[in-house]
Student: 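Mind looking over this structure? Questions follow.
Fair warning: this is a prediction, and the values are worked out from it, not measured in the lab.
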Amino acid sequence: MDSPPLYLPLLLLTSLPTLWQGAGAQSLFTIDSVTLKLDPSGEVTSGTFMDLNCEVSVSHHQSHPLTHSFNFLRDDVLVYSKNTTEPAVLHQLTPARAANSGTYKCQVIVQDKSKGSSTHRLTITGLQTPVLQVTSQILFEGDEVAATCSAPDESGSLLFHFYQDQEKIKQVRASGNSVGTRLELKHAGDKHLRCYFETTMLPDAGRSNNSNTVKVMVKELFSKPVLVMKPREVFEIERFTLNCDTDRYSHERINIGDVKYSLFRNQVLLTSGGNYTATAHPSLNGNYSCQAQALGRGQTKKIFKNSTQIVLKAKVPVSVPLLSVVGGRLILGKPFQLQCQSDNGSLPITYTLLSPHRQAEFRVVHSPWDLALFNITSIHRSSDIHSFSCKAENNPSQPYMESSGYHLRRTATIIEPVSRPVLTLTPKMGDVAEGEDLTLTCTVQRGTPPITYTWYHTKGALPLVSKTTNDMRLSHLVQGVSREHGGRYYCITNNPSKDSQRSAMVTVGVKLAGWKKGLIAAFCILLTVSLIIIIILVKKCLLPFRRERTVELSVKPASTKTDKTLRLTHGEVNEAANVTPGVMGRSVWSDHVSGSESDDQTREETEVPEPQYTEVHPQEVDPTRAPVKKGTDTVYSEVRNSNQARLS
């Protein structure tokens, strides 16, 4: 069975007078209504003045007034009660705080009857700003100061927080609205103290504002120790020293001998004391610090102070640098880059590129992603790469490390561009007969293989063929040359240098094939023979006509000569009989003919329009005389002697 509400006993006690009064009389009244009003209502901020007004309406027929018992409940807990004959009671929150938040209700009891109002929710946001007080505002390191933080208008269980500047130094839980405690201030200087609180019963209320700030001056018991390393930068296998010391202390509260020192590496005790000497080694690299501690007079706790850390990382001496070609290859005659780099060595490292034919160049590398790159205009021989050298240094007290470029020919690819090619032909004269083979040979004197050879014919824009080989010469065979293969040819070469070289042009002449020449010769011979045969046939056809003409000439009378006499000797007649058929067509009987007239017969005919003839009397053939032949014809002639000619 549930226990009765806590407020019922209190209600019974407050209603006893009313019950006693009505014991002798019959109760003749009715509680009509009970009303609760909150002003302001709902949600208000902390510090607001609140009015809670409860009114009751009772109907009765009694001559004397009735006594009303007004009870104000928050979350069913009685927070205020009042007995009065008045029909209304005012309950004030002056001011309202977060602890006053809750659900309110008004319960009115009249004699043996009671009635409650409807409930109202009241939310108080924010908390009272606390007040901080200290007993002393001047003290030494390690001293404690008494401090009190209070919120007099708050109620309930409170949790107080204390801060030194931005550092939380303590928290205290209290059942009341105030708490007192002692605060230890560890560091010297001006300190600013403050506090705030939270209501544990109302976590939604949040935290209060910060209290007022109290300034406290803390005097230094001894200064912060200083750790010094010499030398500040140390290379491996070099000696270094660590020293820890404090330069200020309070003579009133401490002696200098009371300060003790300890050295730590990576927060592990290295040595008790303020001095340490060792040889730099990778195993000793780390974070070094020192700690000073002392107990002032009248204090119960030691003061500890730590120095600023020193990072010891022994520098590594630079190793012999390596000289390399950027990209792993270079082309003779073209710009390239050299890189100088050491595998080991602490930064910064100074690299110097040396060459007999150029000024020394310097590059300082400060970070791991920096590179010591040197721009080289060009070299023209592979052996020129040996002239470069590089030195590196990162410690002025140690000698520099140097390397040469002799290994570059092994580690880098050096490409020599191809020389201008020479195109030669086979047959060498450049004239080739149709149907024969033509060989185009492209030759270079220098160049790094592989080399690509490409042949071109000027009659076409596209290459004839392209081949790649490691040889310094390559041939292209054109089989069965035709008339179209005649013309000009050239070749182009290139290699990984990407520089192309073009040969001079050569001309190829294509001759007729041998069988074509034979055919033409046979045709010419046949044509010649045919012409000869035709000429012979023509001569045979003309021979009878010429004989008839000769006879006519022999019998025709001649004109009378008065000044000249034609004389023909026997030899002249025979000579005339031996002339060619063409000459036979002309008259051989004429006046004396000079040698010039016989050379130009055409001119003679034009100059002598009408030939003169001398009568010739034929004689009988002398059988003893031999015939005169011309070709296949036989001509018999007899001429009168000169005397007979004169007589006639």
Student: Does a salt bridge link Asp499 with Lys334, judged by any charged N lying under 4.0 Å from a carboxylate O?
Tutor: yes

Student: Which atom pair, heavy atoms only, marks the closest approach of Ala96 to Ile124?
Tutor: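 Closest heavy-atom pair between Ala96 and Ile124: CB-CD1, 3.8 Å.
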
Student: State whether a side-chain donor-acceptor pair under 3.5 Å links His161 with Tyr163.
Tutor: no

Student: Is there a donor-acceptor contact under 3.5 Å from the side chain of Ser150 to the main chain of Pro152?
Tutor: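 Flag not set: sc Ser150 to bb Pro152 has no pair under 3.5 Å.
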
Student: Checking Tyr80 against Phe72 for the ring-ring contact (aromatic ring centres under 6.0 Å, His included) test, could you report, in this order, the C-alpha distance in whole Å, the side-chain angles of both residues, the deciding distance, and whether it holds?
Tutor: CA-CA 5 Å; Tyr80 180 74; Phe72 292 84; 5.7 Å; yes

Student: Treating Asp51 as the side-chain partner and Gln92 as the backbone partner, does any N or O pair qualify as donor plus acceptor under 3.5 Å?
Tutor: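 Not confirmed, Asp51 side chain does not pair with Gln92 backbone.
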
Student: Taking atom NZ as the centre, does Lys215 end up with more than 12 heavy-atom neighbours from other residues, nucleotides or ligands that are less than 6.0 angstrom away?
Tutor: no

Student: Between Glu198 and Ser208, does the side-chain contact (heavy atoms from CB on, under 4.5 Å) criterion hold? Intermediate values first, please.
Tutor: CA-CA 6 Å; Glu198 295 174 318; Ser208 70; over 6 Å; no

Student: Which value, rounded to the nearest 0.5 Å, describes the distance between Thr413 atom OG1 and Arg329 atom CZ?
Tutor: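 Rounded to the nearest 0.5 Å, the OG1-CZ separation comes to 8.0 Å.
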
Student: Quick check: closest heavy atoms across Asn285 and Ala314, and the distance to 0.1 Å?
Tutor: OD1-N, 2.9 Å

Student: Working to the nearest 0.5 Å, report the span between CD1 of Ile349 and CG of Asn395.
Tutor: 11.5 Å

Student: Is there a donor-acceptor pair under 3.5 Å between the side chain of Asn210 and the backbone N or O of Tyr196?
Tutor: no

Student: Going from CZ on Phe388 to CG on Leu354, what distance comes out if it is rounded to the nearest 0.5 angstrom?
Tutor: 10.5 Å

Student: Are a donor atom and an acceptor atom from the side chains of Ser250 and Lys219 found within less than 3.5 Å of each other?
Tutor: no

Student: Kindly compute the distance separating CG (Asp190) from CD (Gln137), expressed to the nearest 0.5 Å.
Tutor: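 If we round to the nearest 0.5 Å, Asp190:CG and Gln137:CD are 11.0 Å apart.
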
Student: So, Thr452 versus Thr468: side-chain donor-acceptor pair below 3.5 Å or not?
Tutor: yes

Student: Walk me through whether Val44 and Thr123 qualify under side-chain contact (heavy atoms from CB on, under 4.5 Å).
Tutor: CA-CA 6 Å; Val44 297; Thr123 302; over 6 Å; no

Student: Any donor and acceptor pair, going by atom type alone, linking the side chain of Asn287 with main-chain N or O of Asn266 inside 3.5 Å?
Tutor: no

Student: Are the side chains of Ile256 and Phe222 in contact, using a 4.5 Å heavy-atom criterion?
Tutor: no

Student: For the aromatic rings, using the six-membered ring if either is Trp, is the centroid distance between Tyr249 and His251 under 6.0 Å?
Tutor: yes

Student: Thr271 side chain to Gly273 main-chain N or O, any donor-acceptor pair under 3.5 Å?
Tutor: no

Student: Between the main-chain N or O of His192 and the side-chain N or O of Asp165, is there a donor-acceptor pair closer than 3.5 Å?
Tutor: yes

Student: Do the non-hydrogen side-chain atoms of Lys467 and Val465 ever get within less than 4.5 Å of each other?
Tutor: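 Side chain of Lys467 against side chain of Val465, heavy atoms only: contact under 4.5 Å found.
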
Student: State, with a plain yes or no, whether a side-chain heavy atom of Val131 is found less than 4.5 Å away from one of Asn212.
Tutor: yes

Student: When you check the side-chain N and O atoms of Ser355 and His357, is any donor under 3.5 Å from an acceptor?
Tutor: no

Student: Is the cationic atom of Arg502 (NZ for Lys, CZ for Arg) positioned less than 6.0 Å from the six-membered ring centroid of Tyr490 and within 45 degrees of its normal?
Tutor: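 Geometry flag: set, cation within 6.0 Å and 45°.
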
Student: Check whether any side-chain heavy atom of Leu185 lies under 4.5 Å from a side-chain heavy atom of Val216, and answer yes or no.
Tutor: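 They are in contact (side-chain heavy atoms under 4.5 Å apart), so the answer is yes.
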
Student: Show the nearest heavy-atom pair for residues Ser178 and Thr148, with the distance to one decimal.
Tutor: OG-CG2, 3.7 Å

Student: Quick check with a 6.0 Å cut-off and a 45 degree axis cone: is Lys391 positioned over the face of Tyr400's six-membered ring?
Tutor: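 Yes, Lys391 and Tyr400 form such a contact.
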
Student: Using side-chain contact (heavy atoms from CB on, under 4.5 Å), reason through Ile385 and Leu330 one step at a time and then give a plain yes or no.
Tutor: CA-CA 10 Å; Ile385 200 70; Leu330 65 88; 3.8 Å; yes

Student: Heavy-atom distance under 4.5 Å between the side chains of Ile376 and Arg358, does that happen here?
Tutor: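 Contact flag for Ile376/Arg358 side chains = yes.
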
Student: Whether the Thr200 and Ser157 side chains hold a donor-acceptor pair (N or O, under 3.5 Å, no angle test) is what I'd like checked.
Tutor: yes

Student: For a quick test of reading the model, state the closest non-hydrogen atom pair linking Val365 to Leu371 and the distance between them.
Tutor: CG2-C, 4.2 Å

Student: Are more than 12 heavy atoms from other residues, nucleotides or ligands located less than 6.0 Å from atom OH of Tyr406?
Tutor: no

Student: Please give me the minimum heavy-atom distance between Val444 and Tyr453, naming the atom from each residue.
Tutor: CG2-OH, 3.7 Å

Student: Is any NZ, NE, NH1 or NH2 atom of the basic residue among Arg253 and Asp143 found under 4.0 Å from an Asp or Glu carboxylate oxygen of the other?
Tutor: yes

Student: Where is the tightest heavy-atom contact between Ser367 and Leu347, given as atom of each residue plus distance?
Tutor: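 For Ser367 and Leu347, the tightest heavy-atom pair comes out as C-CD1, 3.5 Å.
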
Student: Side chains of Asn306 and Gln291: do they bring a donor and an acceptor to under 3.5 Å?
Tutor: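 Yes, a side-chain donor-acceptor pair sits under 3.5 Å.
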
Student: For residues 232-240, run the donor-acceptor check on the side chains, cut-off 3.5 Å, and write out each pair with its distance to 0.1 Å, sequence neighbours left out.
Tutor:
{"from": "Glu233", "atom 1": "OE1", "to": "Lys315", "atom 2": "NZ", "distance (Å)": "3.1"}
{"from": "Glu238", "atom 1": "OE1", "to": "Phe235", "atom 2": "N", "distance (Å)": "3.0"}
{"from": "Arg239", "atom 1": "NH1", "to": "Thr279", "atom 2": "OG1", "distance (Å)": "3.0"}

Student: Would you check, one step at a time, whether the test side chain to side chain donor-acceptor pair (under 3.5 Å) holds for Thr246 with Ser223?
Tutor: CA-CA 6 Å; Thr246 182; Ser223 62; 2.4 Å; yes

Student: For Lys305, which residues count as a side chain to side chain donor-acceptor pair (under 3.5 Å) partner, sequence neighbours excluded?
Tutor: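 In terms of side chain to side chain donor-acceptor pair (under 3.5 Å), with neighbours along the sequence ignored, Lys305 is linked to Glu141.
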
Student: Kindly compute the distance separating CG (Leu332) from CG (Asp384), expressed to the nearest 0.5 Å.
Tutor: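 Those atoms lie 8.0 Å apart.
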
Student: Can you see whether Tyr351 has Arg363 sitting over its ring - NZ or CZ less than 6.0 Å from the centre and within 45° of the normal?
Tutor: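 Because its charged atom misses either the 6.0 Å distance or the 45° angle limit, Arg363 does not stack over Tyr351.
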
Student: Please lay out, stage by stage, how Leu269 and Ser262 fare under the test side-chain contact (heavy atoms from CB on, under 4.5 Å).
Tutor: CA-CA 7 Å; Leu269 181 63; Ser262 300; 3.9 Å; yes

Student: In terms of heavy-atom contacts, does CZ of Arg381 have more than 12 from other residues, nucleotides or ligands at under 6.0 Å?
Tutor: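 At most 12 heavy atoms, drawn from other residues, nucleotides or ligands, come within 6.0 Å of this atom.
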
Student: So which of Cys491, Ser466, Pro463, Ser503 actually passes side chain to side chain contact (heavy atoms under 4.5 Å, CB included) with Trp455?
Tutor: Cys491

Student: Enter the distance from Leu263:CG to Tyr276:OH here, rounded to the nearest 0.5 Å.
Tutor: 9.5 Å

Student: Are any of the side-chain heavy atoms of Leu295 and Asp258 separated by less than 4.5 Å?
Tutor: no

Student: Looking at Arg446 and Glu416, is there a salt bridge between them, counting it only when a charged N and a carboxylate O are closer than 4.0 Å?
Tutor: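 Yes.
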
Student: Less than 4.5 Å apart, side chain to side chain, heavy atoms only: is that true for Leu323 and Leu353?
Tutor: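 Yes, at least one pair of side-chain atoms sits under 4.5 Å.
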
Student: Can Asn495 and Ser497 be counted as having a side-chain donor-acceptor contact under 3.5 angstrom?
Tutor: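 Per modelled atom types, Asn495 and Ser497 side chains form a pair under 3.5 Å.
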
Student: Between Ser211 and Arg194, does any side-chain donor sit less than 3.5 Å from a side-chain acceptor?
Tutor: no

Student: Among side-chain atoms of Ser346 and Asn394, is any donor-acceptor pair under 3.5 angstrom?
Tutor: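 The criterion, which ignores hydrogens and geometry beyond distance, is not satisfied for Asn394 and Ser346.
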
Student: Consider only side-chain N and O atoms of Ser389 and Ser404, and report whether a donor and an acceptor are under 3.5 Å apart.
Tutor: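 No, no side-chain donor-acceptor pair sits under 3.5 Å.
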
Student: Would you mind reporting whether Phe197 and Leu159 have side-chain heavy atoms less than 4.5 Å apart?
Tutor: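 Side-chain contact under 4.5 Å: no.
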
